[in-house]
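Below, read A as the first sequence line, B as the second, and so on, with proteins coming before strands; counting in each chain starts at 1. FYI, side chains are in, hydrogens and waters are out, and symmetry mates aren't considered; it's all heavy atoms of this structure.
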2 protein chains.
Amino acid sequence: MPRVADHDARHGQITDAVQRLIVRHGLTSVTVARTAAEAGMSVGLVQHYFTAKDEMLLATFTRVNGRFTTRVDELVNRGETEGRTIAEMLRQALTELIPLDDARRAEFLVRRAFADQAAHNARLATVQRETLVGIRSRVAQAINNGTICGEVTQGGDAADQALRIVAFAEGLALHTHIDPDGTPKPAILAALDDQLGRVFTGTCRRAQLG
Amino acid sequence: MPRVADHDARHGQITDAVQRLIVRHGLTSVTVARTAAEAGMSVGLVQHYFTAKDEMLLATFTRVNGRFTTRVDELVNRGETEGRTIAEMLRQALTELIPLDDARRAEFLVRRAFADQAAHNARLATVQRETLVGIRSRVAQAINNGTICGEVTQGGDAADQALRIVAFAEGLALHTHIDPDGTPKPAILAALDDQLGRVFTGTCRRAQLG
DNA sequence: GCTATAACAGTACGGCCATATTGCTACCGG
DNA sequence: CCGGTAGCAATATGGCCGTACTGTTATAGC
């Protein structure tokens, strides 16, 4: 067998380069040659790891979305061990969606960049949809947990409430991005808290939840 | 002087063609040649009316946004003469944002298609921002009117409430588009009504408002 | 230490795209 | 009725892009 390379690491280098290019100059500006240069490798090597540009972009989108949901899950796990309320964890998680700092903004830009493409590419659309319903179902689960625990006092469809909360957060994200000056950070967070406060009206009776 | 042509009509033909192409295959698929074919004219003629492709795209974006706000304004005017409540008019107006039918979906796709570009093009960003704050200030005005009239009983910053309402509507639009099956039309409209109902809690004491 | 093969680089190629250029045509002003 | 300019078409051009192709290097297994 010949020399081996860390495929996952290489894929990461390439998709990270794509991400940086998108953040800097938009998805349109992403070419294989530029990506190679940004990643510090040759065009041939990029081809070696991604048979086609489409694959490269799909991998980038998948990775970014995966990183996001992973981060949210870690946040929740940490919150649970630290005994936070569900509302607090949810607030933290949803804040991840909003481009309030550079890292969040970068991720937001990438998600947005693929929005147009996803409308006409089945595989991108699938990743996008699964990410979205993943977030929504996590929030719904949190609401169900909250109902059991006592933080949520009112009844009502958890999925429906989750949709409203997530939609609201993403709407705030959009406005924050398009008109940062018109939407100061505290106002955004207050709005988010307010929305969460409509559902999480009680206090937890137990220490933990599943 | 030589023969004359209706410049505005030509611009409209071209930008309409661009819009159709975006809806069908995304902004990436829009080329000058394809646009000319779609509009039923020669490449040279497109060049005659738009010195560069950028101008063509900017004009398209501007037109679509303009058409949207015009439609909303007409809706409001009609609603006023017909003596609707402010909440009803607002509900109608915000529903225009959500891709619940083909026409709305087409517009939504175009707005989304330019999202990535706008992040890296000052002129597109300006159009986008102005459209957004335009909508928001209209909603804020409606809330102020509602306060005077009696439909809005609680105090609070109208701009802030407007932000929340519009953000919510756009979030619903996003979810409707990405996951249409997971968000049935009635649930979307109910959510929108619910959100509006949080602000418009009273009934109008007067017939009309400015 | 040989050898097969993965890892990697460089370049060539065919295609499409935006735009420049050129030329024809129709019609308004006089 | 005629000259000139705007309207319009067709083609030429130069560049970039994705990808195929060819070649080189390094190392794991024997």
My understanding is that only residues two or more places apart in sequence, or in another chain, count here; which of them pass salt bridge (Lys or Arg N to Asp or Glu O under 4.0 Å) with [X]?
X        : value
A/Arg105 : A/Asp102
A/Arg91  : A/Asp193
A/Arg129 : none

Distance check: side-chain N/O of B/Arg34 vs OP1/OP2 of C/dC17, anything under 4.0 Å? yes
A/His7 vs C/dA6: side-chain N/O to OP1/OP2 distance below 4.0 Å: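 Answer no for this pair, as no side-chain N or O of A/His7 is under 4.0 Å from OP1 or OP2.
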Just grab all the ring pair (Phe, Tyr, Trp, His ring centres under 6.0 Å) pairs involving residues 21-40 of chain A, residues at least two apart or on different chains.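 Sorted result for residues 21-40 of chain A: empty, none.
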Could a donor-acceptor pair under 3.5 angstrom be found where the side chain of A/Arg3 meets the base of D/dT25?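 Yes, a donor-acceptor pair under 3.5 Å.
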Please enumerate all residues that pass ring pair (Phe, Tyr, Trp, His ring centres under 6.0 Å) together with B/His48, with sequence neighbours excluded. none
Applying ring pair (Phe, Tyr, Trp, His ring centres under 6.0 Å), can you list everything that pairs with B/Phe200, at least two apart in sequence or on another chain?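 Partners of B/Phe200 by the ring pair (Phe, Tyr, Trp, His ring centres under 6.0 Å) criterion come out as none, since no residue qualifies.
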Tell me which pairs pass side chain to side chain donor-acceptor pair (under 3.5 Å) where either residue lies in residues 176-191 of chain A, with sequence neighbours left out.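 Every side chain to side chain donor-acceptor pair (under 3.5 Å) pair that includes a residue of residues 176-191 of chain A, provided the two are not neighbours, is A/Asp179-B/Arg136.
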Heavy-atom contacts under 4.0 Å between residues 38-55 of chain B and DNA chain C, which residues? B/Val43, B/Gln47, B/Ala52, B/Lys53
Under 4.0 Å, heavy atom to any atom of DNA chain C: which of residues 18-33 of chain B qualify? B/Val30, B/Thr31, B/Val32
Row check, A/Phe168 ring normal vs A/Arg198 NZ/CZ: under 6.0 Å, within 45°: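 No; the conditions do not both hold, so A/Arg198 does not lie above the ring face of A/Phe168.
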